Undergrad: 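Could you have a look at this structure, given as structure tokens, before my questions?
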Amino acid sequence: MSATSPAPSATTGPGTASATVADAGPCTRPAADGHGPAASLSGKALAADLRTELAARAAALAAKATRPHLAVVTATADESSAWYVRSIARAAGKAGLDCTVVDLGPDAAASAVRARLAELSADPTVHGIILQTPLPDGARLDDLASAIDPAKDVDGANPLSLGRLAAGLPAFAPATAEAVVALLDHHGVALSGRRAVVVGRSTVVGKPLAHLLLDRDATVTVCHSRTADLAAVTRDAEVLIAAVGRPGLVTAGHVRPGAVVVDVGTNPTDDGGLVGDVHPDAAQVAGSLSPVPGGVGPVTTALLLRHTVDAAATAARTR
């Protein structure tokens, strides 16, 4: 995909809905007495639909001598990151994409990471590039990701991609942020005119998600570590997204009765599991809640692969 060609967005593809507040569906049901349990905003069915779609498209491209190829660059010893990279590689293989994992090791110099990203950007057989975090000490994501060709920046990490997204221009959105909106669409959750609160202001999720929600005509508030009386702000949200990386930060006291709550958190536990940023007691107040795992995560992976197929399709058309 070129920086000027249309990019996929969370408003297109399987599961897209154009619901209004009046027909927002069962997943936005009011909890009249303030007690759940909340309906589940599972991402498994949507992810399966996306994988089916992209597998068919990847096969069609391969039949015309373009096999979509994703490269994942990693430079960390973090085990949760390694698990995630392995899951991407497995999902890519099942969908008919090639996936190359470039492990530079946790002691890699920032210059070495940048050089490898530039090399992959220049390789015509590579269609999508992901720079996995965390990064080595002293390395900055924005600096290194600027070496990724925006046409191959399938996780929207290059500051140029983020700037284009903010300006409403075609670009790949960060897949996790896009996955939140895709999940809401899939479950028929209306966004236009509704009050949405995002807890977290990272360039990976919080900031790009705010732009995607604004593009859908939501009224958006972004909270962060210095927000005074966080619960007072989040209780005003009809749609609440927690993306801060702090286990159980959002409790029942932070949630408006009947609100739609999306948990983006993937915090590892000592026993090898994952917990979100939303405390389990919030399910007794929310109208609907995405699970961890099984909510945003599988949709994110599927969208990364779909972005890669989109980039491969564009490359095939322009070569």
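It should be emphasised that the depicted structure is a prediction, and the values quoted were computed from it without experimental measurement.
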Undergrad: Taking salt bridge (Lys or Arg N to Asp or Glu O under 4.0 Å) as the test, write out the residues that go with Asp236, two or more places apart.
TA: Arg195
Undergrad: Run the side-chain hydrogen bond (donor to acceptor under 3.5 Å, both in side chains) test against Thr100 and tell me which residues pass, sequence neighbours left out.
TA: His69
Undergrad: What pairs of residues pass the salt bridge (Lys or Arg N to Asp or Glu O under 4.0 Å) test when at least one of them lies in residues 79-98, not counting sequence neighbours?
TA: Arg67-Asp98, Glu79-Arg86
Undergrad: Would you name the heavy atoms of Cys99 and Ala89 that are closest together and state the gap between them?
TA: SG-CA, 3.9 Å
Undergrad: Looking at every heavy atom in both Asp153 and Asn158, which two are closest together, and how far apart are they?
TA: OD2-N, 2.8 Å
Undergrad: Excluding sequence neighbours, so at least two apart, what forms side-chain hydrogen bond (donor to acceptor under 3.5 Å, both in side chains) with Ser81?
TA: Gln132
Undergrad: Would you mind listing the cluster partners of Val292? Hydrophobic ones only (ILVMFWY), side-chain contacts under 4.5 Å, chaining allowed.
TA: Leu274
Undergrad: side-chain contact (heavy atoms from CB on, under 4.5 Å) with Pro291: which residues, sequence neighbours excluded?
TA: Ser40
Undergrad: Which residues pass the side-chain hydrogen bond (donor to acceptor under 3.5 Å, both in side chains) test with Ser42, not counting sequence neighbours?
TA: none
Undergrad: Return the set of residues passing side-chain hydrogen bond (donor to acceptor under 3.5 Å, both in side chains) with Arg57 (not counting sequence neighbours), or none when no residue passes.
TA: Asp310
Undergrad: Please identify each residue that fulfils side-chain contact (heavy atoms from CB on, under 4.5 Å) with Asp229, with sequence neighbours left out.
TA: Ala231, Ala232
Undergrad: At their closest point, which heavy atom of Gly128 faces which heavy atom of Thr308, and how far apart are they?
TA: N-CG2, 4.1 Å
Undergrad: Test: salt bridge (Lys or Arg N to Asp or Glu O under 4.0 Å). Region: residues 253-281. Which pairs qualify, not counting sequence neighbours?
TA: none
Undergrad: Distance-only criterion, 3.5 Å: show the donor-acceptor pairs between side-chain atoms of residues 197-209 and protein atoms not counting sequence neighbours.
TA:
from: Ser202; atom 1: OG; to: Val204; atom 2: N; distance (Å): 3.4
from: Ser202; atom 1: OG; to: Val205; atom 2: N; distance (Å): 3.0

Undergrad: Show me the side-chain donor-acceptor pairs of residues 133-145 shorter than 3.5 Å, one per line, residues at least two apart or across chains.
TA:
from: Arg140; atom 1: NE; to: Asp142; atom 2: OD1; distance (Å): 3.2
from: Arg140; atom 1: NH2; to: Asp142; atom 2: OD1; distance (Å): 3.2
from: Arg140; atom 1: NH2; to: Asp142; atom 2: OD2; distance (Å): 2.7
from: Asp143; atom 1: OD1; to: Arg114; atom 2: NH2; distance (Å): 3.3

